Amino acid sequence: MSHKPEASPLGKSVEYAEHYAPELLFPIPRQLKRDEIGVQDAALPFVGEDLWNAYELSWLDPKGKPVVALASFRVPAESPNLIESKSFKLYLNSFNQTPMASVAEVGKTLAQDLSAAAGAPVSVQIEPLCTRPERPMGYPEGVLLDTLDIAVDRYTPAPELLRADHERGPVGETLYSHLLKSNCLVTGQPDWAMVVVRYFGAPIDREALLRYIISFRRHNEFHEQCVERIFCDILKHCRPESLSVWARYTRRGGLDINPYRRTPGMLALPPLAEVRQ
C-alpha cells in the first residue's frame with residue numbers, strides 16, 4: 001500500500017464509518033519531505049512534537065448513551081510518520097456508535113492505534129465535556145510583526161530573504177505573526193496559522209522575517225512540513241544559537257494541528273490557544 005500523500009483520503013469522497021475502524025488511519029513518512037530541506041531522521045536538528053486538539057470525539061457508554069469529549073494528542077517529532085488529518089478525523093468518527101467501557105478504555109485505544117500509525121509513542125488526554133474543561137487562550141509574550149509597514153511581492157517560500165545582524169551582540173526575543181498561510185499539499189485548500197519564533201542569537205531582521213513568513217502564502221505543504229521548513233531556513237540563514245518555531249493552525253474537520261520544533265535544551269512555550277482556534 002502506498003503511503004504517499006496522494007494516496008490518502010484527502011480530496012476524495014468517502015463514507016463515514018460509525019464503528020471502530022483503526023485501519024482508517026493513514027500514516028505518511030516524514031522523510032518524504034525532510035529530504036527537500038536536507039534533514040535526516042537519524043540526525044534531526046530539532047526536538048518537538050505535533051500537538052493535535054480534537055473537538056468532535058464521541059462514543060457510547062455501556063448503556064448506549066453518548067459521551068462527548070475534547071481530546072489532545074502529542075505526536076513526537078522524531079516519529080517516522082505523521083498522520084494525515086482527514087484519516088485522523090475519519091478514525092475519530094468511527095467511535096461514534098462504538099460502545100466503550102470507560103474514558104480510560106477510549107484513551108488506551110487511541111494511544112495504541114495512534115502510536116502504531118506514527119511509529120512512536122503518542123500521548124493522549126481526554127476531557128469529557130461533563131467535567132467542564134477549559135482551554136487556556138492568549139497571545140505570545142513577544143513582538144507582533146504584523147504592524148510593520150512593508151511592501152511584499154513574494155508568495156512562495158523565499159528563505160534568501162532571511163538575515164541577521166552578526167555585527168551586533170546576541171539578543172533573546174520572541175517574534176510572532178498571524179499572517180502565516182499555506183495550502184494543503186493535496187487539495188490546495190488554505191490553512192491559516194499564527195507562527196511564533198523565539199531565539200537567542202544575532203538580531204534577526206524583523207521586516208525580512210515577516211516577508212519570509214508571508215512568502216508561504218501560495219505554498220502547498222502539510223502543517224508539520226511547513227514548520228520544519230521554517231525552522232531549518234531560519235537556522236541556516238540567521239544562525240541563532242537556539243531557536244524554536246511553533247505554528248498554531250486553525251481547526252479543520254474538528255481538529256487543529258500545532259507543530260512545535262526547537263533546538264535541544266530550549267524550554268517549551270506555554271500551550272496557549274490562538275484566538276482563531
Side-chain angles (χ1 to χ4, degrees), residues 3 5 8-10 16-17 20-30 33 44 46-59 67-96 98 100 102-129 131 133-137 184 191 193-194 196 222-228 244-262 268-274 276-277:
H3 283 278
S8 76
L10 276 170
Y16 279 82
Y20 174 61
E23 67 275 8
L24 291 171
L25 289 169
F26 190 90
I28 297 175
R30 295 186 190 269
K33 275 290 185 174
L44 296 177
F46 47 69
V47 296
E49 62 187 10
D50 305 325
L51 169 62
W52 296 66
N53 294 302
Y55 306 90
E56 299 176 5
L57 177 62
S58 183
W59 64 91
V67 181
V68 291
L70 301 180
S72 61
F73 312 93
R74 295 180 181 272
V75 183
E78 63 268 22
S79 63
N81 304 317
L82 59 85
I83 301 172
E84 188 278 310
S85 60
K86 185 174 181 180
S87 79
F88 202 152
K89 172 187 176 182
L90 294 171
Y91 164 71
L92 292 179
N93 274 280
S94 77
F95 284 81
N96 288 347
T98 302
M100 303 295 286
S102 64
V103 173
E105 182 187 7
V106 177
K108 181 179 179 181
T109 302
L110 289 167
Q112 175 180 295
D113 294 341
L114 294 169
S115 297
V122 174
S123 65
V124 177
Q125 180 179 2
I126 301 175
E127 299 177 287
L129 290 186
T131 66
E134 296 183 1
R135 295 193 68 201
M137 182 174 293
C184 173
D191 296 320
M194 174 183 70
V196 184
F222 291 142
H223 304 48
E224 301 93 330
Q225 297 162 348
C226 285
V227 169
E228 292 187 358
S244 71
V245 177
W246 192 343
R248 301 199 65 95
Y249 279 86
T250 59
R251 74 181 74 170
R252 180 187 292 171
L255 291 165
D256 66 46
I257 310 173
N258 309 277
Y260 187 32
R261 303 291 184 267
R262 65 184 187 274
L269 290 168
L272 295 176
E274 203 257 359
R276 292 176 293 178
Q277 294 181 315

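The structure presented is a predicted model; accordingly, all values stated were derived computationally and were not measured. Just so it is clear, the values below take in all heavy atoms, side chains as well, and ignore hydrogens, waters and symmetry mates. Residues take their numbers from the sequence shown, with the count starting at 1.
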Where the side chain of S115 meets the backbone of V122, is there a donor-acceptor pair that is under 3.5 Å apart?
-> yes
Separation between CG of L57 and CG of N93, rounded to the nearest 0.5 Å = 9.0 Å
Hey, are the side chains of S85 and I257 touching, using non-hydrogen atoms and a 4.5 Å cut-off?
-> yes
Scan L255, D191, D256 and name whichever one has a side-chain contact (heavy atoms from CB on, under 4.5 Å) with Y249.
-> D191
Does the side chain of L114 reach to within under 4.5 Å of the side chain of W52, using non-hydrogen atoms?
-> no
Might you work through the side chain to side chain contact (heavy atoms under 4.5 Å, CB included) test for K89 and L24, ending with a clear yes or no?
-> CA-CA 9 Å; K89 172 187 176 182; L24 291 171; over 6 Å; no
Give the intermediate values and the outcome of side chain to side chain contact (heavy atoms under 4.5 Å, CB included) for residues R262 and V47.
-> CA-CA 6 Å; R262 65 184 187 274; V47 296; 3.8 Å; yes
Quick one: closest heavy-atom pair of A118 and S79, and the distance?
-> O-CB, 3.4 Å
Any V196 side-chain heavy atom under 4.5 Å of L269 side chain = yes
Can you name the nearest heavy-atom pair linking C184 to R252, along with the distance?
-> CB-NH1, 4.1 Å
Nearest heavy-atom pair of P27 and A117: which atoms, and what distance?
-> CB-O, 3.2 Å
Do R251's NZ or CZ and the ring of Y55 fall within the cation-pi criteria of under 6.0 Å and 45°?
-> yes
Any chance you could measure E224, atom CD, to I28, atom CD1, to the nearest 0.5 Å?
-> 8.5 Å
Check: R135 and L272 side chains under 4.5 Å, non-hydrogen atoms = no
Please report the closest heavy-atom contact between A69 and P128, naming both atoms and the distance.
-> CB-CA, 3.6 Å
Do we see a donor-acceptor contact under 3.5 Å between the side chains of N258 and Q277?
-> yes
Atom pair CD (E84) and CG (L25), whose distance is rounded to the nearest 0.5 Å = 10.0 Å
To the nearest 0.5 Å, atom OG of S244 lies from atom CZ of F46 at 13.0 Å
Would you confirm whether T109, through its side chain, and E105, through its main-chain N or O, come within 3.5 Å as a donor-acceptor pair?
-> yes
Starting from the C-alpha separation in whole Å, work towards a yes-or-no answer on side chain to side chain contact (heavy atoms under 4.5 Å, CB included) for I126 and V124.
-> CA-CA 7 Å; I126 301 175; V124 177; 3.9 Å; yes
What about the rings of F73 and F88, do their centers lie closer together than 6.0 Å?
-> yes
Counting distance only, does the side-chain N/O of S87 pair as donor-acceptor with the main-chain N or O of F26 below 3.5 Å?
-> yes
Any ion pair linking D50 and R30 (charged N to carboxylate O, less than 4.0 Å)?
-> yes
Compute whether any side-chain donor of one residue and acceptor of the other, for Y91 and D113, lie under 3.5 angstrom apart.
-> yes
Interatomic distance, R74 atom CZ to E49 atom CD [nearest 0.5 angstrom] = 4.5 Å
Per side chain to side chain donor-acceptor pair (under 3.5 Å), E228 is matched among H223, R261, K33 by R261
Evaluation steps, side chain to side chain contact (heavy atoms under 4.5 Å, CB included), between V67 and S58 = CA-CA 5 Å; V67 181; S58 183; 5.6 Å; no
Are the side chain of T98 and the backbone N or O of S94 linked by a donor-acceptor pair below 3.5 Å?
-> yes
Please work out which of the three classes, parallel, tilted or perpendicular, describes the rings of Y260 and W246, given edges at 30° and 60°.
-> parallel
Would you name the heavy atoms of G119 and N81 that are closest together and state the gap between them?
-> N-ND2, 4.4 Å
E274 to R248 - nearest heavy-atom pair and separation | N-NE, 3.8 Å
